[in-house]
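To find a chain, count down the sequence lines: A is the first, B the second, and so on, and within it residues start at 1.
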Amino acid sequence: MEGDRPLAGFRVIDFSWSVAGPTVTRNLGILGADVIKIEWPKRPDPMRKAMYRANEENKTLDNGAFFANLNVGKQSLTLNMRDPVGLALAKRLIAQSDLIVDSFAAGVLSSWGLSFDVLQGLRRDIIHLCMSGFGQTGRDAENLTWGPTAQAYNGLTFMSGLPEREPAGWGFSYMDIVAGYMGTIAVLAAIARRDREGEGSYIDMAQVESGLPLSAPAHLDYQVNGRATRRPDFPPGNRTDWPSSDDNETTGHGLGLRGESGAPYGAYPTLGGGPCDWCVISVMTNDHWRALVDVMGSPDWAAAPDLRSHSGRLAAQERIDRQIAAWTIHYEKYELMQRLQRAGVPAGAVQTAEDRMEKDPQLAARDMFPTLSHPLLGDHRFEAFPAKFSNADTSLPSIWPSIGEHTREVLEEALGMSDAEIEALYEQGVLWPLGIDKTVTIERALW
Amino acid sequence: MNAELQRKTLLGGLRVVEIDDGSAQFAGKCLADMGAHVIKLEPSAGSPARHVGPFADDQPDVDMSLHFWANNTSKQSVTADLDTAAGQRLTRRLLSEADVFLYGGSPQRLDELEMSPSQLATEHPHLVVCAVTPFGLDGPWRDWASSDALQSALGGPMGATGYEDRVDGGAPQAPIAPTGGHTAYLASMIATVGLLAAAIDRRRTQRGQVVDVATHDVLSVSSEMSNIYWEYGHGNVVRQAGRHARPMLTPVWNHLTADGKYFMALPLYLDDERFATLAKWLAVDNNQTALLADELKTEAGRVGKMARIVDEIQIFCRSQTTAQLFEGAKQRRLPWAPVHAPEELLDVPHLSIDRGTFLAVDDLGLASSPLAVAVPFKVEGIDWALSRAPRLGEHTASVEEHGFG
């Protein structure tokens, strides 16, 4: 939608790297903040070296495909923070900025002489979001963390999979996504506070903690009922409740912690036999059940009296699932989904990325993968911001942080520096390491 | 409420009306824990989330759902039947006093109530209307039914998650939709981002607006690598247990330990120095010398040999306890961790003692106060306004009389 961007005029100094921190600054950039990513080419953001275009022969710090999607809307300034002149420049920039985001291990920014006290001295109402694995305080604050570490540690890996098997976990760094979204929430709430009270904020966000509210019902079930998730009928696969060996009365009440309860509920095989030729069906009400039975052509087995109630269906899950799978296997997944949805039954095909980007009419109608023209990669589709505003522009800004590309521009515009001053800093190796090419070639992608 | 007002909060003064079927309640919780005044309007039977277990003492009751407790802390509850004139009057009155209307449910229900977002935005120009719906306020699937696993299927996590082995050597295993209700959590997080951005924007523009959050949109851009792999010619990712879905199969990350639990031994980002440290650890603590081979000393030399390396890690994990592995990894700066069950986090001293991550939720009528997490970050000088989730209709009388007060 046309309109201004909500954070127009905010300046963000972005010391973050990898995925969680850059997810925060990506969101802030789309919301209108001026995001300046500060790096040093000798130790760049590792994601600059991850996942290139297939068969890319000329890998550099600037043409990573994953990096391009994650860092759209940002500028890049290269600065040697370990050089006193570089540090002084950073301080002048911070004095004119609203937010600082870093995702270093605890203590790195302080070791540069940029503790929160110092930052506040530069800008009284500054907001500082520190994103680390285990937080800035506590006995384990030094622990090294990547997304997979955080989700293993905080219980979310454990909660996914079939009972009595190894955890299925998550097929991606879910905790980078969650920490990125939670970090964005923290910053926006701090901006709201600053707008109201004129106060800045120091925010300590630990990646392992950021996922804890998402397993809060499990924490409560353990404390209140003494029921641990480390038990034979958990996690419940795709179901809401795994049939329990002791068929007590609690079966059927969402013990699988999915936040809903239903049966049949799961993924059913469809024509094709490929890894994603499956369709989810979720029967959560008697209406859903009657509609499903109708679409299946009212087979005899479905008329059994015990299947008329929610609890009866939960108790008969194994039997129902076998029958439904024998029916679904004759349909293509989208055809099945369409037939069931038309009848009001919650059903959804298991989609691949290809399915979402090439075949999903809903995502196409909502323009969730807009095409932008990247200066090095050409025209490609990028992931849109997933909230639509009626009176604000949240389209993806067509700029990318090629390393050091915006150094000169930022120093001129934000600090009013002259060409000669900037040239001198380049010659001193403050704005780019001496003896290193402007285009840094990468031999092997990180992944 | 006076004590509440004196607390330093991030969102004190923000007034929110919430109507929810389960998809937006976590957004309301985040706002309420951060100090916003959140009034939840519920039908007389209670919001759908009150009917979802597990329940305290396994007694199904609208005031005993632990799922509801976790996701509705710090709010007020008002019963209002929106299908009656009185319920509509109260709703309209609260919306005229509110900054934000947070809705989770189907678009059809809002249409039935003559409360479509565009209509509300016209009636209340100051209001931020944030609608969390399964598929959004427009598009061909707008009115489709939804569920947690369905959103995981259509949106991406499910296709990327599960087991790589085959059933009886034949068909692939079903993909897995992680449990926990995460599709609602993700939609709620983006709703919180969107409505806070709109509330900030209002200070400048003096007007509210509609924020349209589709769970399907959110999920479709929240699985990190899959879309990018496809867009840049790598094909579709292949799911593989307990690790990232990639276009190819990769070695296992999670291994059984001597105490029978799984341990996440990430074999990525092993530079030469870290690899040497790892090789030495295996040799000294378990007489495994295979990783000391000269050919493995450099990154180039290790290319194509990860399966072999991970086999050694697997043998090593089997020989050690979880505690030994975690301590050893910490000392060697390896980003490894136990695969904890969620309840085990309650006893981690770094969280429970040092960081005070878990806060007691009082006044639940239980023998002891269980611990819960408010919003999961700390802000210097700020307290979370964490209080227990409201009983159904607990605040009806006072809100009917005083509105937001």
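Using a 4.5 Å cut-off between heavy atoms, B:Trp336 contacts chain A through its backbone alone, with no side-chain atom that close. Only the side chain of B:Tyr163 comes within less than 4.5 Å of a heavy atom in chain A; its backbone stays farther off. With a 4.5 angstrom heavy-atom cutoff, A:Leu220 touches chain B via backbone and side-chain atoms both. Of the two parts of B:Ser220, the backbone and the side chain both hold a non-hydrogen atom closer than 4.5 Å to a non-hydrogen atom of chain A. Residue B:Ala214 touches chain A through both its backbone and its side chain, counting heavy-atom pairs closer than 4.5 Å. For A:Glu443, no part lies near chain B; criterion is any non-hydrogen pair under 4.5 Å. Interface residue A:Leu31: only side-chain heavy atoms are found under 4.5 Å from chain B. Residue B:Ala191: no heavy atom, backbone or side chain, is found under 4.5 Å from chain A. Heavy-atom distances place both the backbone and the side chain of B:Leu11 under 4.5 Å from chain A. Interface remark: B:Ala174 contributes backbone and side-chain atoms alike to the contact with chain A (heavy atom separation under 4.5 Å). At a 4.5 Å heavy-atom cutoff, the contact between B:Arg333 and chain A is made by backbone and side-chain atoms alike. Residue contact with chain A, scored on non-hydrogen atoms closer than 4.5 Å, involves the side chain of B:Leu266 exclusively. With a 4.5 angstrom heavy-atom cutoff, A:Arg230 touches chain B via backbone and side-chain atoms both.
The existence of a salt bridge linking B:Asp58 and A:Arg227 is confirmed by a sub-4.0 Å separation between a basic side-chain nitrogen and an acidic carboxylate oxygen. Electrostatic pairing of A:Asp140 and B:Lys330 counts as a salt bridge here, judged by a charged N lying under 4.0 Å from a carboxylate O. Ionic pairing of A:Arg381 and A:Glu358 is present here: one or more N-O contacts between side-chain nitrogen and carboxylate oxygen are shorter than 4.0 angstrom. For B:Asp138 and A:Lys388, the salt-bridge test fails: no basic side-chain N is under 4.0 Å from an acidic carboxylate O.
Counting heavy-atom pairs under 4.5 Å between each of A:Glu354, A:Gln351, A:Glu383 and chain B puts A:Glu354 at the top. Per-residue heavy-atom pair counts under 4.5 Å with chain A were compared for B:Leu366, B:Val375, B:Leu371, B:Leu219, and the maximum is reached by B:Leu371. Across B:Asp201, B:Asp212, B:Val373, the residue that shares the most heavy-atom pairs under 4.5 angstrom with chain A is B:Asp212. If you tally non-hydrogen atom pairs under 4.5 Å between each of A:Gln151, A:Met159, A:Arg196 and chain B, the highest count goes to A:Arg196.
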